[in-house]
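Written below as structure tokens is the structure these notes are about.
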Amino acid sequence: MDILNLRILDIVDIVLVALLLYYIYKLVKGTVAINIFLGIVIFYLVWKLTELLKMEMLSGVLGGFIDLGIIVLIVVFQQEIRKFLLVVGSTNFAKGGSFFRQLKFLKEGDSETTTNISSLVKACYNLGAMKAGALIVIKRNAPLEFITNTGDQMDITINTPIIESIFYKNSTLHDGAMVIADNKIIATRAILPVSDSRTIPLHYGLRHRAAVGVTEKTDATALVVSEETGKISYIKDGEFIYFKNREDLIDKLKKDLK
């Protein structure tokens, strides 16, 4: 009968918890952290079940682990927590709905990206053929003002010749990173945080480490064209994403930028 005595605030509480869990799932989906997240959820549900069944000894043991849960969460999900806090801390609440647009709770799964992926990938392959190095950061949800403010502000619609001219070896803009948001080049010569991860193979240079660094600290993705080999690397969530060919890379980018 207590179920019938639900208050409006109880319903709001349930909805907010559901939204929070949904966003956490969206944040870790596609990463190795998703399995850990699901494991934690299952562990918590088992603990609540033992409490409900009044299994005091098992409930006490599981409860001891739950008490340490906040420390475990910080250690395991430090990169994801950093991204979440970056979104929250950089949000301008004066702009109606901007916070929820960044979190994208109501985002449709089949929505299309506005970024001209085909022109972007074509430019990368052309640069690779010329052995011209390039570092391109593509914004997703988290704001990148702390990166764009370090470079030259731009407002240029994406097209292949523009990207090639920016990263041409004799161009004054080829140093640093290009930042793309939606279908615009919003900054060039941007300075990125460099990853100190020891798992990055030694043959990768500073461009690749910078790409790993920015994708560790934000939810952005990055494309790197090697100046030495001309090979293209696609990096997301601090990891190198394997792709078979140009079409496969385009498909992966379209999926990740939805």
Side-chain angles (χ1 to χ4, degrees), residues 15-34 36-38 73-74 76-117 120-121 135-151 153-155 157-158 177-187 190-193 195 210-224 234-241 249-258:
V15 170
L16 289 176
V17 170
L19 288 174
L20 179 61
L21 290 176
Y22 172 74
Y23 178 66
I24 293 174
Y25 171 75
K26 292 277 285 184
L27 194 64
V28 300
K29 185 177 69 172
T31 70
V32 293
I34 184 61
I36 301 173
F37 171 71
L38 292 176
L73 286 174
I74 292 174
V76 174
F77 295 109
Q78 55 180 315
Q79 297 297 340
E80 287 74 16
I81 292 172
R82 185 199 301 269
K83 293 176 186 178
F84 177 77
L85 294 178
L86 181 63
V87 171
V88 175
S90 303
T91 297
N92 183 354
F93 288 96
K95 296 179 180 179
S98 62
F99 178 68
F100 292 100
R101 283 197 298 272
Q102 288 184 32
L103 296 186
K104 297 194 176 181
F105 283 128
L106 304 177
K107 189 176 182 180
E108 295 295 331
D110 58 353
S111 60
E112 293 293 332
T113 175
T114 59
T115 307
N116 190 342
I117 300 298
L120 176 60
V121 171
L135 174 53
I136 302 171
V137 177
I138 310 169
K139 178 182 179 294
R140 293 172 73 191
N141 302 328
L144 299 177
E145 282 81 3
F146 75 103
I147 292 173
T148 58
N149 289 340
T150 66
Q153 307 295 308
M154 299 284 175
D155 186 17
T157 301
I158 291 176
M178 170 190 292
V179 182
I180 290 175
D182 296 322
N183 200 39
K184 296 280 189 179
I185 299 169
I186 60 172
I191 300 173
L192 305 183
S195 174
V212 172
V214 72
T215 59
E216 284 177 340
K217 293 176 172 59
T218 73
D219 67 346
T221 62
L223 289 169
V224 183
Y234 176 43
I235 301 168
K236 182 182 72 169
D237 296 323
E239 298 180 353
F240 289 81
I241 306 300
L249 175 58
I250 290 174
D251 289 342
K252 280 182 166 56
L253 281 166
K254 286 182 177 179
K255 179 181 178 181
D256 292 336
L257 296 177
K258 280 184 179 180

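All of these numbers come straight from a predicted model, not from anything done at the bench. Just so you know, residue 1 is the first one in the sequence shown, and it goes up from there.
The side chain to side chain donor-acceptor pair (under 3.5 Å) test with Lys184 singles out one residue from Thr114, Thr115, Thr157, and that residue is Thr157.
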side-chain contact (heavy atoms from CB on, under 4.5 Å) evaluation trace for Ile250 with Leu120
CA-CA 9 Å; Ile250 290 174; Leu120 176 60; over 6 Å; no
Let's go through Thr148 and Gln153 carefully: what are the C-alpha distance in whole Å and the side-chain angles of both, what is the deciding distance for side-chain contact (heavy atoms from CB on, under 4.5 Å) to 0.1 Å, and is it a yes or a no?
CA-CA 7 Å; Thr148 58; Gln153 307 295 308; 4.2 Å; yes
Carefully, step by step, assess Val214 and Glu216 under the rule side-chain contact (heavy atoms from CB on, under 4.5 Å).
CA-CA 5 Å; Val214 72; Glu216 284 177 340; over 6 Å; no
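Checking side-chain atoms of Thr215 against main-chain N and O of Gly238 turns up a donor-acceptor pair under 3.5 Å. Side-chain N or O atoms of Arg140 include none that pairs as donor or acceptor with a backbone N or O of Leu257 at under 3.5 Å.
Taking Thr150 as the reference, nothing meets the side chain to side chain donor-acceptor pair (under 3.5 Å) condition, with sequence neighbours excluded. Partners of Lys252 by side-chain contact (heavy atoms from CB on, under 4.5 Å), not counting sequence neighbours, listed by chain and number: Tyr234, Ile241, Phe243, Asp248.
Pairing each heavy atom of Asp182 with each of Ile158, the nearest pair is O-CD1, 4.2 Å.
Separation of atoms CD1 (Ile147) and OG1 (Thr218) is listed at 5.5 Å; rounding is to 0.5 Å. Note: Thr221 OG1 to Ile138 CD1 = 4.0 Å, rounded to the nearest 0.5 Å.
By the 4.0 Å N-to-carboxylate-O rule, Asp256 lies close enough to Lys236 to be salt-bridged with it.
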